[in-house]
Amino acid sequence: VILTGTCECGAQLTREQADGFGAHLLNDAPFLCSACSKKREAAWATQDREDQDRRDRDRLVAKCETLPTALRRFRLADLEIAGRENALDASRRWAAGELQGLVLLGPIGVGKTTIAAATDIDYMAAHLNSSSPRWISTTLALSDLSRSFSNPDRERTIEALTGKGTPLILDDIDKAKPNVFAAEQLFCAIDGCIAHDRPLLVTTNLMPSGLAVNWPKPYGQAIASRLAGHCELHKVTGRDRRLRRAA
Ligand SMILES: Nc1ncnc2c1ncn2[C@@H]1O[C@H](COP(=O)(O)OP(=O)(O)O)[C@@H](O)[C@H]1O
Ligand SMILES: [Mg+2]
Ligand SMILES: [Zn+2]
């Protein structure tokens, strides 16, 4: 028996009547021409993709809570490129998991911290199913490390510095004048990154060799040589954005 019917687009269609188990479901199904059926599948696929994108965006927003609020604004693609092509290219590779060690070097206010934060966010977006990088403001970490033994901030900082499964970002590593204990912790963190293939991103005002001068022996020298040996080093140049904004 041949059934006839009309598709939603108006096309006249025929099909053979089904029999056997579930036949009434097939026979009651609306007539749909192959063009309309393709269109419908494409719409479903788009819908699925949009749902997935929305879920991914929500997860990224949740992950960004590991960053200080003021640093959640930019992705790498939002940043101005001129004068910092190499730094941004290396940051993009770090975010993609292609580069294990990166030092962003440059004067105060050029945007090193901003690039590092955008790199962190891009990394999280590219690794939604992995743990987020540990963002460490070095000044804050050193003050946490100088607290008393059972202090929870001190514990948390040591845990963040030594945790293995997550990338480590040390912002402004040169700002600190650490005591021996803190210098040792930072050295162990950096050395651990190299030993355990833990991605490392560092921002600094000083060449790594400049750290050696300020830091207790032998840690300054040891950190400088680890950074120099393990990381790509890129200069971030440009005007001081803080001054420009004030102007
Ligand atoms: N690409 C950018 N677009 C807009 N503002 C920026 C950009 N890069 C940096 N800034 C702003 O300039 C200031 C200094 O940037 P920051 O990343 O802290 O510099 P650095 O870490 O090199 O000292 C901050 O207030 C930051 O928000
Ligand atoms: Mg900074
Ligand atoms: Zn149709």
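Remember, it's a predicted structure, so these values are computed and weren't measured experimentally. As the structure lists them, so they are numbered: ligands from 1, and atoms in each ligand from 1.
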Check your understanding: Contact between Gly109 and ligand 1, counting heavy atoms under 4.0 Å?
Key -> yes
Exercise for review: Evaluate the criterion side-chain contact (heavy atoms from CB on, under 4.5 Å) for residue pair Ile169 and Arg134; output intermediate values, then yes/no.
Suggested key: CA-CA 6 Å; Ile169 302 178; Arg134 299 301 193 110; over 6 Å; no
Check your understanding: salt bridge (charged side-chain N to carboxylate O under 4.0 Å, His left out) between Glu8 and Arg40: does it pass, once the steps are laid out?
Key -> CA-CA 11 Å; Glu8 60 191 18; Arg40 199 173 275 198; 2.8 Å; yes
Check your understanding: For Arg72 and Glu65, what are the C-alpha separation, side-chain angles and deciding distance, and is it a side-chain contact (heavy atoms from CB on, under 4.5 Å)?
Key -> CA-CA 8 Å; Arg72 297 176 195 167; Glu65 282 172 21; 4.1 Å; yes
Check your understanding: By the rule that ILVMFWY residues connect when side-chain heavy atoms come within less than 4.5 angstrom, directly or transitively, which residues belong alongside Leu13?
Key -> Leu3, Phe31
Check your understanding: In terms of atom number and element, which parts of ligand 1 are under 4.0 angstrom from non-hydrogen atoms of Val110?
Key -> 19 (O), 22 (O)
Practice item. Answer with side chain, backbone, both or neither: which part of Arg73 has a heavy atom less than 4.0 angstrom from an atom of ligand 1? Key: side chain
Point to revise | Option whose closest heavy atom lies nearest to atom 21 (O) of ligand 1, chosen from Ile81, Thr113, Asp78 | key: Thr113
Exercise for review: Determine whether Leu206 and Val202 fall in the same hydrophobic cluster, where Ile, Leu, Val, Met, Phe, Trp and Tyr are linked whenever their side-chain heavy atoms lie under 4.5 Å apart.
Suggested key: no
Review point. Where do Ile158 and Gln185 land on the side-chain contact (heavy atoms from CB on, under 4.5 Å) test, with the steps shown first?
Key: CA-CA 7 Å; Ile158 291 177; Gln185 294 301 311; 4.0 Å; yes
Exercise for review: For Leu79, counting its heavy atoms only, list the atoms of ligand 1 lying under 4.0 Å from any of them.
Suggested key: 1 (N)
Check your understanding: When you look at Asp172 and Asp174, which way does the side-chain contact (heavy atoms from CB on, under 4.5 Å) test go after all the steps?
Key -> CA-CA 5 Å; Asp172 269 339; Asp174 60 297; 4.1 Å; yes
Point to revise | Under 2.8 Å: N/O/S of Thr114 next to the Mg ion (ligand 2) | key: no
Practice item. With side chain to side chain donor-acceptor pair (under 3.5 Å) as the test, would you mind laying out the steps for Thr237 and Arg84 before giving the verdict? Key: CA-CA 6 Å; Thr237 53; Arg84 48 191 59 190; 5.9 Å; no
**Study point:** Atoms of ligand 1 close to Phe74 [distance to a heavy atom under 4.0 angstrom, numbered from 1]
**Key:** 3 (N), 4 (C)
Point to revise | Winner among Ile115, Ile108, Thr114, Thr203 once heavy atoms are compared against atom 9 (C) of ligand 1 | key: Thr114
Review point. Are side-chain N/O atoms of Asp48 and Gln52 paired as donor and acceptor at under 3.5 Å?
Key: no
Revision key, fill the gap. Protein N/O/S atoms closer than 2.8 Å to the Zn ion (ligand 3), ordered by chain and number, come to Cys7 SG, Cys9 SG, Cys33 SG, Cys36 SG
Study note, to complete from the structure: Looking only at non-hydrogen atoms, the one of Gly111, Ala116, Ala117 nearest atom 19 (O) of ligand 1 is Gly111
Practice item. List the steps and the verdict of side chain to side chain donor-acceptor pair (under 3.5 Å) for Thr203 and Asp171. Key: CA-CA 5 Å; Thr203 76; Asp171 189 35; 2.5 Å; yes
